[in-house]
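In what follows, a single structure is set out as structure tokens and then discussed.
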Amino acid sequence: MRGAAVLRHCWPVNAGSRTSLADPPVTASRRRILARTRLGFWLDGLLLVAYTFAYSLGFTGIAIHEWLGIGLGVVLLVHLTLHWDWVIRTTRKLFRRAGRERFVWLVNLLLLLSMTLCIASGILISEVALPGLGITLPASPFWRQMHDTTATLTLILVPVHAALRWRWIVGVARRFAAWRPGRSR
């Protein structure tokens, strides 16, 4: 039930209508949290879909692959910014807690490093996007290998990351499914 309690903190059950005097009103602060949760949920979904397409080089072709990769870099920065409070909170608690929290933190750190290196090396080996902008860089087998290795590592870490956040994903998705027009959420 811990996941449900966390979800209620981020997205209260009674956010739409007050059913009793005991129900807390939806404050401006709470509305910002609700909006951030929705934004985070859809942004995470966008990241997953964009990453899936970007990884499918045979399907997208090199130009779309490169532009999607650059776009992923931008969205990754937004994602990190949205979850920065979690990063700080979790890092502070890291040495006080054991087990799952440390593992989640480690997976997230590895995923961040892997995606950052994948995107950066992809930009450095660009064959279409950068030359299209008038920027040419010398070819380097080091950066090509870095890109291939970090892309594979990211492919492994993305599903692990999603699996570790599965309760949150399902909980927020259920809230969306239960949403009724006219109720403010």
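- Residues Ile156 and Val158 do not share a hydrophobic cluster, clusters being chains of Ile/Leu/Val/Met/Phe/Trp/Tyr side chains in contact below 4.5 Å.
- A salt bridge (Lys or Arg N to Asp or Glu O under 4.0 Å) check over residues 58-71, counting only residues at least two apart or in different chains, returns nothing.
- Under a 4.5 Å side-chain heavy-atom criterion applied to ILVMFWY residues, the cluster that includes Phe59 comprises Val49, Phe53, Ile64, Leu68 as well.
- Under the salt bridge (Lys or Arg N to Asp or Glu O under 4.0 Å) criterion, the residue pairs touching residues 132-160 are Glu127-Arg144, with sequence neighbours excluded.
- Within the model, atoms CD1 of Ile70 and CD1 of Ile119 stand 9.5 Å from one another, a figure rounded to the nearest 0.5 Å.
- Val74 and Trp67 end up in different hydrophobic clusters when Ile, Leu, Val, Met, Phe, Trp and Tyr side chains are linked at under 4.5 Å.
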Intermediate values then yes/no, side-chain contact (heavy atoms from CB on, under 4.5 Å), Thr150 and Ser121: CA-CA 9 Å; Thr150 56; Ser121 61; 4.2 Å; yes

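- Hydrophobic clustering keeps Trp84 apart from Leu77 (ILVMFWY residues linked when any side-chain heavy atoms are closer than 4.5 Å, directly or through intermediates).
- Here Arg89 pairs with Asp85 under the salt bridge (charged side-chain N to carboxylate O under 4.0 Å, His left out) rule; sequence neighbours left out.
- The side-chain contact (heavy atoms from CB on, under 4.5 Å) check on Thr149 picks up Gln145, with sequence neighbours excluded.
- Atoms CZ and CG, on Arg165 and Asn108 in that order, are 7.5 Å from each other to the nearest 0.5 Å.
- Considering OG1 of Thr60 and CD1 of Ile62, their distance stands at 7.5 Å, rounded to 0.5 Å.
- Between Ser126 and Leu137 the shortest side-chain heavy-atom distance does not fall below 4.5 Å.
- Atom CG of residue Leu46 and atom CG of residue Leu72 lie 8.0 Å apart, to the nearest 0.5 angstrom.
- Note that CH2 of Trp143 is 12.0 Å distant from NE2 of His147, once rounded to the nearest 0.5 Å.
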Begin with the C-alpha distance, continue with both residues' side-chain angles, and end with the deciding distance and a verdict on side-chain contact (heavy atoms from CB on, under 4.5 Å) for Leu112 and Leu80. CA-CA 9 Å; Leu112 173 65; Leu80 190 58; 4.2 Å; yes

One pair to check against side-chain hydrogen bond (donor to acceptor under 3.5 Å, both in side chains): Thr154 and Ser114. What are the steps and the verdict? CA-CA 6 Å; Thr154 300; Ser114 179; 2.6 Å; yes

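- For Thr52, the side-chain contact (heavy atoms from CB on, under 4.5 Å) test picks out Leu48, with sequence neighbours left out.
- Without hydrogens or angle criteria, Tyr51 side chain to Gly69 main chain gives no donor-acceptor distance under 3.5 Å.
- Separation of atoms CG (Leu110) and CG (Leu153) is listed at 7.0 Å; rounding is to 0.5 Å.
- Under a 3.5 Å cut-off, the side chain of His65 and the backbone N or O of Ala54 do form a donor-acceptor pair.
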